[in-house]
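First up is the structure itself, then whatever we jot down about it.
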2 protein chains.
Amino acid sequence: MRARKVISFDTIRVACKNCTLAALCLPRGLTPEDVEQLDGIVKRSKPLHRGDSLFCQGDPFRSLFVVKTGSIKTYATGPEGGEQVLGFHLPGELIGLDAIEKGVHACSATVLETSAICEIPFAQLESLSNRIPSLQHQLYRLLSKEIGQDAEMLLLLGKKSAEERLAGFLVSLSRRLRQRGLSATDFYLSMSRHEIASYLGLAVETVSRVFSRFHEEGFLEVERKHIQLRDLTALESIVAKAMMDHHPGSKPAQP
Amino acid sequence: MRARKVISFDTIRVACKNCTLAALCLPRGLTPEDVEQLDGIVKRSKPLHRGDSLFCQGDPFRSLFVVKTGSIKTYATGPEGGEQVLGFHLPGELIGLDAIEKGVHACSATVLETSAICEIPFAQLESLSNRIPSLQHQLYRLLSKEIGQDAEMLLLLGKKSAEERLAGFLVSLSRRLRQRGLSATDFYLSMSRHEIASYLGLAVETVSRVFSRFHEEGFLEVERKHIQLRDLTALESIVAKAMMDHHPGSKPAQP
DNA sequence: CGCAATATTGACCACTCTCAATGAGGGTGG
DNA sequence: CCACCCTCATTGAGAGTGGTCAATATTGCG
């Protein structure tokens, strides 16, 4: 994190390439020169801290943000101050894609824990993608990926019981952490119970109770924000089982 | 492919431009020649009927689909046959965007009522967007719009009560119909109660009961699939009020 | 050190799910 | 054309889950 004094130049560039790579160069398809150009427009900021804001609902849209380390939450606020959490974003994930359409941010984003964030001015990214077809392709894929993840979330919220939802949330977190090479079974929740509850459409107390229940059943250890998953399989089967129970296989009609 | 028949030349082209325009040329930015080229790669199919399938989960991704008239539902099926409705798609809306990433459809799409659908081979669309920057821009916007709509849906499912969810559903339908120049207060639901329930994460019986309750309160007339909204404002205020009630304005923390 | 915010736990009650029965259409075949 | 069947929709009664209110830790911060 603070390794930028001495060795900084290459380290940071590589670090940032990593972060950019994770998001933009997913499978392959960009030549080293392309990556070089891409890297040139990425702005690195100094570390941000809990409560810092990346952008607010209504702000003009200028840049996408990539989480290098740490975590971010996005949320929407109603006209009278209600707050609904829309998502949590872990290292390697991209924020702000929903603002491209209107040129205005539709939600706010704040930092949950000390985080390193890369900023990518979208105008530059777009014009770069004009010249690099494979970058254009990556961008399409990236936008599409976000849509797929939202659909997954819809699936999660379609589930009715609190256990299903919290299990789904934990499994999702676990999978995304593993994907970035972090521990999939031992991690800290950077968000409050309140924020989890809002995200899952539950009451804070219910979240707390289900954590306790999972603990009693031996699925996990929980102490405040520190979580250790003991039986990931059990949690996964809760999620999988859920889908079958409701909607017992009505056939989509046949001609 | 091209509208080359005598009678239909203008009619079909205009019809299809309308459908394409609604989705791809949203604000402006494409020259007539661009639209011409775009129009050239769009395939029109003969009308499809209830139960027909556009694509299935796992199918290779080849094309996007635009609803010209009628309606489509998308849904995901669990390994054991459970079915979760992910979305309903009305005229002017685009389907299949979530498949770009993996090149494979992540959900299935079937026709809810007799519908006219346009097919746009994505490979051709993408290479066309390489040559037409403004088309590229429109595509980014389009993908982004889809993300925004999914977020709106998350907001809807974040709401806890059945009334809030059904009200949100109806308001959303109404808004989208008005946007296409159709009646915002008098329409037919092409989907079954079962499908609505799955979409909203409720039981079929609850959907039915809330419809009755809304009717008793004078918010709407309902007879089977025929809906007439009598007090759209009331429904909207149910949705708006919901957000405030939960999460009473915890400030996002400030340094 | 003490206040404030966060988390956990309990009791109660409202809401929604489940189960079950009835009614209304739409289609098929006699 | 009508009887029949099957699916879909509606309505009722009972049970369970989660929301609400309230009290009590526990932590973090000024």
Side-chain angles (χ1 to χ4, degrees), chain A residues 49-51 73 83 85 112-114 157-167 188-198 200-216 220-227 238 242 244-255, chain B residues 49-51 73 83 85 112-114 157-167 188-198 200-216 220-227 238 242 244-255:
Chain A
H49 302 93
R50 169 154 190 106
K73 81 163 173 187
E83 173 183 325
V85 175
L112 287 172
E113 63 188 319
T114 303
L157 287 184
K159 312 194 178 315
K160 296 171 191 54
S161 95
E163 257 132 9
E164 287 159 16
R165 292 191 185 188
L166 191 62
Y188 283 81
L189 296 175
S190 57
M191 68 292 289
S192 71
R193 298 285 190 271
H194 193 87
E195 289 162 332
I196 297 175
S198 169
L200 297 178
L202 300 170
V204 193
E205 296 92 330
T206 305
V207 172
S208 213
R209 265 185 267 268
V210 176
F211 265 125
S212 304
R213 219 176 302 161
F214 281 170
H215 178 241
E216 285 165 15
L220 48 75
E221 299 294 317
V222 50
E223 192 194 345
R224 293 284 165 184
K225 296 188 172 313
H226 184 206
I227 302 288
I238 290 178
M244 234 203 47
D245 289 352
H246 333 292
H247 319 295
S250 67
K251 63 170 190 292
Q254 274 305 327
Chain B
H49 301 94
R50 171 155 188 105
K73 80 164 174 188
E83 173 184 324
V85 174
L112 287 172
E113 63 187 321
T114 304
L157 287 183
K159 311 194 178 315
K160 296 169 192 56
S161 93
E163 256 132 9
E164 287 158 17
R165 293 191 185 189
L166 191 61
Y188 283 81
L189 297 175
S190 57
M191 68 293 289
S192 70
R193 298 285 190 271
H194 193 88
E195 289 161 332
I196 297 175
S198 169
L200 297 178
L202 299 171
V204 193
E205 297 90 332
T206 305
V207 173
S208 213
R209 267 185 264 267
V210 176
F211 265 125
S212 304
R213 220 176 301 162
F214 280 170
H215 178 240
E216 285 163 16
L220 47 76
E221 299 293 319
V222 50
E223 191 194 346
R224 294 281 164 186
K225 296 187 173 312
H226 185 204
I227 302 287
I238 290 178
M244 236 203 46
D245 289 352
H246 333 294
H247 320 295
S250 67
K251 63 171 193 291
Q254 272 307 327

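The chains referred to below are lettered A, B, ... by the order of the sequence lines, with proteins before strands, and numbering in each begins at 1.
- Each of C:dT16, D:dA9, D:dG18 was ranked by its minimum atom distance to the side chain of A:T206; first place goes to D:dG18.
- Rounded to whole angstrom, the span from the CD1 atom of A:I196 across to the C1' atom of C:dT8 amounts to 14 Å.
- Applying the side chain to side chain contact (heavy atoms under 4.5 Å, CB included) rule to B:S190 yields the partners B:S71, B:L112, B:E113; only residues at least two apart in sequence or on another chain are considered.
- For A:A162, taking side-chain heavy atoms from C-beta onward, the closest of the listed nucleotides D:dT10, C:dT9, D:dG18 is D:dG18.
- Distances were taken from every side-chain heavy atom of B:V222 (C-beta onward) to each of D:dA9, C:dC17, D:dT10; the shortest belongs to D:dT10.
- If you check D:dT26, D:dT20, C:dG23 against the side chain of A:R224, the one that comes closest is D:dT26.
- Across all strands shown, B:S208 has heavy atoms under 4.0 Å from base atoms, whether or not it also approaches the sugar-phosphate.
- Not counting sequence neighbours, the partners of B:H226 by the ring pair (Phe, Tyr, Trp, His ring centres under 6.0 Å) test are B:Y188.
- In terms of position along DNA chain D, the nucleotide closest to A:V204 lies nearer the 5' end than the nucleotide closest to the other residue of the pair A:E223 and A:V204.
- Within 3.5 Å, no donor on the side chain of A:R165 pairs with an acceptor on the base of D:dG18, nor the reverse.
- Among the nucleotides D:dA22, C:dT18, D:dC8, the one closest to the side chain of A:E205 is D:dA22.
- The separation between A:R213 atom CZ and D:dT17 atom C1' is 8 Å, rounded to whole Å.
- When the C1' atom of C:dT16 is taken as reference, atom CG of A:L202 falls 14 Å away, rounded to whole Å.
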List the steps, then state whether salt bridge (charged side-chain N to carboxylate O under 4.0 Å, His left out) holds for B:R209 with B:E216. CA-CA 10 Å; B:R209 267 185 264 267; B:E216 285 163 16; over 6 Å; no

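- Scanning atom types as modelled, one donor and one acceptor separated by under 3.5 angstrom connect the side chain of B:R209 and the base of C:dT18.
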